[in-house]
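This one's a predicted model, so the numbers in the text were calculated from it and none came from an experiment.
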Amino acid sequence: MKFTDGFWQLRSGVHASYATEVRDVRLDADRLAAYAAVKRVERRGDTLNAPLITVDAHSPAEGVIAVRLTHHAGKRGKGPDFEMPGAAARSAATTRTEGTTAELTSGPLTLRLPTEGAFGMEFLDEAGRVLTSAGRKGSAFATVDGGGHHMVAQLALGVGETVHGLGERFTPYVKNGQVVDMWQADGGTSSEQAYKNIPFYLSSRGYGVFVNHPGKVSFEVGSEAVGQVQFSVEDQTLEYFVIAGPTPKDVLARWTALSGRPALPPAWSFGLWLTTSFTTSYDEATVTSFVDGMAERGIPLSVFHFDCFWMREYQWCDFEWDPAVFPDPEGMLARLKDKGLKICVWINPYIGQKSALYEEGVREGYFVLTPEGDVWQWDKWQAGMALVDFTNPEATAWFQSKLKGLLDQGVDGFKTDFGERIPTDVVWHDGSDQERMHNYYTHLYNKAVFELLEKERGQGEAVLFARSAAAGGQQFPVHWGGDCWSSFEAMAESLRGGLSLSLSGFGFWSHDIGGFEGTPDPAVFKRWLAFGLLSSHSRLHGSSSYRVPWEFGDEAVDVARQFTRLKHRLMPYLYGAAVETHRTGVPTMRPLLLEFPDDPTARVADRQYLLGPDLLVAPVFSQDGTVEYYVPEGTWTHFLTGETVTGPAWRQETHGFDSLPLLVRQGAVLALGADESRPDGDWLEDLELRVYAPEGTGDFTRTVTVPDLMGAVAATYEVVHQGGEVRVTTDTDRPYTVTLVG
């Protein structure tokens with residue numbers, strides 16, 4: 001939200017008060033409070049009829065400093081509030097004063113402010129370098145004629161500094177110059193709206209900022225005051241966390257340690273998913289024809305997903321199979337599972353009025369109400385639908401009990417769709433604030449489903465396919481990019497969304513191969529297959545048309561087979577990266593910024609990514625196969641061709657549908673499995689260690705850990721490359737081969 005009219009003036013009807021002069025600073029052992037007048041105080045009378053802004057600072061975790069700006073402190077906090085499972089029981093900071101300066105330090109991060117004179121704040125790293133600062137307009141409140149009280153903060157942007165993250169955003173990858181509002185919306189992938197609004201951004205200078213407010217937060221990223229990131233909330237208080245690095249990886253590690261690390265998805269979920277699509281007609285015969293058709297064509301399939309119409313029309317959700325289409329659901333699921341498949345079904349948190357569960361929910365008080373005490377309803381999506389109130393523990397248990405029935409039938413996971421269009425003119429069971437609950441609702445929804453899966457299937461076996469999320473939602477993977485068009489442009493915008501989400505702390509991400517809306521041109525479909533099968537999770541899905549590869553020609557079948565089998569071979573390496581994500585918060589699909597933070601070009605690259613630490617993927621977004629991509633410093637080897645390229649440099653290449661730039665970093669050792677038929681096989685069976693040491697590579701040592709299917713260490717290999725020779729030491733007696741590339 002903008003408050004100013006250019007640099008000098010405020011907008012009509014806006015009245016702003018800025019923390020101007022320090023009047024008092026109080027230090028405890030582990031926290032700090034400052035009181036700032038909003039004008040210069042030259043005599044005692046100036047302290048009358050004028051507000052103070054209170055600035056409280058503490059540390060919820062090592063390397064994180066929380067700053068709370070308050071105008072009036074008497075507003076009752078109705079919640080909800082973000083859960084911070086990694087927050088310390090008491091502040092993790094120390095304080096000190098030196099002359100006219102007060103400091104609060106937590107690990108490598110220090111907040112410094114004056115104890116007298118002009119008010120301002122600086123955030124310093126361990127070496128004393130100023131990472132960012134809140135200057136003369138950096139701590140404020142603003143009122144608007146006709147109502148509205150906003151707390152406003154500004155943090156300085158350095159020359160050349162880039163800002164990333166803020167959730168899954170399909171707008172330009174670098175957020176400088178953008179207005180970004182945290183407000184959940186079902187807006188597809190072609191607009192400024194987002195399904196996953198995360199009020200966290202990552203700076204290229206090696207720090208992060210999280211605004212601890214679950215409601216609407218408005219960011220002006222160099223778009224109002226061009227040298228500042230401004231964020232504001234309509235409230236009496238605003239709290240933000242500055243999170244230390246020094247590297248972007250360190251920032252994400254600290255952020256996810258505080259807000260929750262991603263669970264480790266089961267290995268089977270990394271295989272290929274196939275769905276019925278959305279509005280297509282299907283029954284068991286259709287489903288079986290798809291499954292058998294994949295097997296007949298040698299395309300390994302891991303998960304089959306039933307989209308919305310597995311239930312009867314107008315009755316979403318009643319969690320009952322349409323008996324006219326699926327007269328024997330238990331038998332059908334058993335037959336599919338006999339083919340080695342896992343099963344996922346679509347759900348949402350809405351109960352249509354025609355559903356048998358509607359009357360039950362009304363009777364028990366499980367739905368969100370209007371201020372008049374009636375059940376809130378509308379006809380968008382499902383006729384007369386009501387909204388399950390997850391602030392009511394009994395409603396949550398009721399919803400989970402319906403899903404348990406599906407698990408008992410043989411379902412393995414849920415696609416948790418929707419959760420964004422949450423009304424603000426309602427009453428919640430626990431008295432939550434309507435505006436704060438709008439974004440936060442999806443967190444309660446996905447948490448309820450994920451916790452049920454963990455309870456029933458065990459840790460390591462729970463997986464969602466979730467569309468919406470709030471901060472902390474990374475704990476409940478996997479998330480997918482939502483409704484995109486079937487075009488190269490939509491392919492690219494989907495990738496931008498995934499890159500932004502990964503820099504917001506989300507470790508596992510997917511997208512609809514081929515696009516959701518419309519029917520893709522065969523070229524789009526084949527290029528998207530390679531992109532999708534070199535993502536952490538891979539799903540074929542559409543809206544009004546099927547996404548089985550043979551619908552797009554024989555070559556599409558070949559491409560699907562090739563890249564599915566390739567992904568399975570990569571699983572020892574890929575699941576090792578997933579374990580790292582689970583333990584550290586560093587995403588499996590990584591923007592180049594994370595691995596090459598000192599490379600200015602890597603900071604802005606948005607058409608490529610790293611899959612794990614050592615594989616660079618550059619999807620092809622063109623009809624004729626041309627692709628332009630950036631090669632970071634070092635010598636890289638094309639995985640598919642063996643050609644070497646040296647960076648830093650831009651490359652332009654032309655690839656057939658069976659290829660794309662898939663580069664391996666110099667000095668990498670890839671653990672490759674022999675079983676191409678499934679993602680969750682015995683990875684130590686005939687394991688290959690492929691050592692990438694192009695000519696001129698110096699000596700190096702790499703330790704390779706191959707996990708088991710639960711993420712524990714199955715085997716460790718110490719690989720020493722010296723003088724053109726390779727020596728391997730291992731703790732397993734399982735046979736393996738070593739290939740020296742280059």
Side-chain angles (χ1 to χ4, degrees), residues 1-4 14 16 60 64 66-71 75 77-84 132 134 137-144 148-155 157 163-169 171 175-185 187 192-203 207-225 228-243 255 258-259 420 422 424 432-443 468-474 500-501 503-506:
M1 180 176 177
K2 291 182 172 66
F3 299 95
T4 57
V14 174
V64 181
V67 175
R68 175 178 284 265
L69 309 177
T70 304
H71 180 200
K75 182 180 177 182
K78 297 173 65 177
D81 297 298
F82 287 123
E83 297 175 351
M84 291 292 149
T132 188
K137 293 186 177 182
S139 308
F141 67 87
T143 58
V144 180
H149 182 286
H150 302 262
M151 297 301 300
V152 186
Q154 289 183 348
L155 292 176
L157 283 171
V163 172
H164 307 265
L166 295 175
E168 183 190 50
R169 315 216 78 83
T171 55
K175 300 303 179 286
N176 298 54
Q178 296 184 46
V179 179
V180 182
D181 288 335
M182 300 291 108
W183 195 248
Q184 308 286 58
E192 83 285 0
Q193 296 181 356
Y195 305 104
K196 308 171 189 69
N197 290 273
I198 315 299
F200 168 88
Y201 68 83
L202 179 68
S203 165
Y207 69 92
V209 175
F210 170 63
V211 181
N212 190 18
H213 190 288
K216 185 175 183 178
V217 183
S218 181
F219 285 86
E220 299 280 348
V221 187
S223 50
E224 181 173 13
Q228 309 285 325
V229 177
Q230 176 177 290
F231 38 93
S232 60
V233 299
E234 189 170 0
D235 208 332
Q236 292 285 341
T237 64
L238 184 159
E239 183 175 62
Y240 61 91
F241 300 169
V242 177
I243 303 170
W255 163 232
L258 181 61
S259 59
E420 306 96 357
I422 306 304
T424 56
S432 284
D433 178 83
Q434 299 95 324
E435 192 255 2
R436 294 169 73 93
M437 183 56 73
H438 171 85
N439 288 345
Y440 195 72
Y441 178 86
T442 183
H443 188 78
S468 57
Q474 70 271 2
S500 292
L501 188 68
L503 292 181
S504 305
F506 284 67

Asker: Under a 3.5 Å distance rule, please check whether H438 uses its side chain to pair with a backbone N or O of T424 as donor and acceptor.
Answerer: no

Asker: Please check: side-chain N/O of N439 versus main-chain N/O of M182, any donor-acceptor pairing under 3.5 Å?
Answerer: yes

Asker: Work out which heavy atom in A471 is nearest to a heavy atom in I198; give both atom names and the distance.
Answerer: N-CD1, 3.5 Å

Asker: Side chain to side chain contact (heavy atoms under 4.5 Å, CB included) between K78 and S432: does it pass, once the steps are laid out?
Answerer: CA-CA 5 Å; K78 297 173 65 177; S432 284; 6.0 Å; no

Asker: For the NE2 atom of H443 and the CD atom of Q184, what is their distance to the nearest 0.5 Å?
Answerer: 12.0 Å

Asker: Is any side-chain heavy atom of H213 closer than 4.5 Å to a side-chain heavy atom of E435?
Answerer: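 The answer is yes, as the side chains (C-beta and beyond) meet within the 4.5 Å cut-off.
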
Asker: Heavy-atom distance under 4.5 Å between the side chains of T171 and Q178, does that happen here?
Answerer: yes

Asker: To the nearest 0.5 Å, what is the distance between NE2 (H149) and OG1 (T237)?
Answerer: 10.0 Å

Asker: Considering non-hydrogen atoms only, spot the tightest contact between D235 and K75 and give its length.
Answerer: OD1-NZ, 3.2 Å

Asker: Are any non-hydrogen side-chain atoms of V209 and V229 less than 4.5 angstrom apart?
Answerer: no

Asker: Assess the residue pair K216 and V233 against the criterion (side chain to side chain contact (heavy atoms under 4.5 Å, CB included)); give the C-alpha distance rounded to whole Å, side-chain angles, the decisive distance to 0.1 Å, and a yes or no.
Answerer: CA-CA 6 Å; K216 185 175 183 178; V233 299; over 6 Å; no

Asker: Check whether any side-chain heavy atom of F141 sits under 4.5 Å from a side-chain heavy atom of H150, and report yes or no.
Answerer: no

Asker: Verify, without hydrogens or angle tests, whether N212 (side chain) and E239 (backbone) share a donor-acceptor contact under 3.5 angstrom.
Answerer: no

Asker: Check the pair Q228 / L157 against side chain to side chain contact (heavy atoms under 4.5 Å, CB included), numbers first and verdict last.
Answerer: CA-CA 5 Å; Q228 309 285 325; L157 283 171; 6.0 Å; no

Asker: When you compare the side chain of H164 with that of K175, does any pair of heavy atoms fall below 4.5 Å?
Answerer: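 Sidechains of H164 and K175: no contact.
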
Asker: Determine the minimum heavy-atom distance between S504 and G167, stating which atoms define it.
Answerer: OG-N, 2.9 Å

Asker: Which pair of heavy atoms, one from Y195 and one from G187, lies closest together, and at what distance?
Answerer: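 Taking every non-hydrogen atom into account, CE2-N, 4.2 Å.
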
Asker: To the nearest 0.5 Å, tell me how far H71 NE2 sits from T143 OG1.
Answerer: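 One finds 9.0 Å between NE2 of H71 and OG1 of T143.
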
Asker: What's the separation between atom CG in L155 and atom OG1 in T132, rounded to the nearest 0.5 Å?
Answerer: 4.5 Å

Asker: Measuring centre to centre across the rings, with the benzene-like ring taken for any Trp, is Y201 within less than 6.0 Å of F210?
Answerer: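 No, the ring of Y201 stays outside the 6.0 Å limit from the ring of F210, centre to centre.
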
Asker: Within a 6.0 Å radius of atom NZ on K137, are there more than 12 heavy atoms belonging to other residues, nucleotides or ligands?
Answerer: yes

Asker: Show your working on side-chain hydrogen bond (donor to acceptor under 3.5 Å, both in side chains) between E224 and T4 and close with a plain yes or no.
Answerer: CA-CA 8 Å; E224 181 173 13; T4 57; 2.6 Å; yes

Asker: Say you draw a straight line from CD of E168 to CZ of F506; how long is it, rounded to the nearest 0.5 Å?
Answerer: 9.0 Å

Asker: Any side-chain heavy-atom pair from V180 and E220 closer than 4.5 angstrom?
Answerer: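 Answer no - side chains too far apart.
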
Asker: Is it true that a side-chain atom of Q474 and a backbone atom of A469 form a donor plus acceptor pair closer than 3.5 Å?
Answerer: no

Asker: Identify the heavy atoms of A470 and T442 that sit nearest to each other, and give their distance.
Answerer: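 Reported closest heavy-atom pair: N-CG2, 3.7 Å.
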
Asker: Look only at the side chain of W255 and the backbone of I243, and say whether a donor-acceptor pair between them is shorter than 3.5 Å.
Answerer: no

Asker: Look at the side chain of R436 and the backbone N and O of G215, then say whether any donor-acceptor pair between them is shorter than 3.5 Å.
Answerer: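 Between the backbone of G215 and the side chain of R436 there is no qualifying donor-acceptor contact (under 3.5 Å).
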
Asker: What residues, two or more places apart in sequence or in another chain, satisfy side chain to side chain contact (heavy atoms under 4.5 Å, CB included) together with S232?
Answerer: M1, F3, V152, S218

Asker: Which pair of heavy atoms, one from A194 and one from N197, lies closest together, and at what distance?
Answerer: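 Taking A194 first and N197 second, the nearest heavy atoms are O-ND2, 3.0 Å.
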
Asker: Using modelled atom types and a 3.5 Å cut-off, is there a donor and acceptor pairing between side-chain atoms of S223 and backbone atoms of V221?
Answerer: yes

Asker: Is there a side-chain contact between D181 and V217 (heavy atoms, below 4.5 Å)?
Answerer: no

Asker: Any side-chain heavy atom of F200 within less than 4.5 Å of one from V211?
Answerer: no

Asker: I would like to know whether K196 and L501 meet side chain to side chain contact (heavy atoms under 4.5 Å, CB included); could you show each step before the answer?
Answerer: CA-CA 8 Å; K196 308 171 189 69; L501 188 68; 3.8 Å; yes

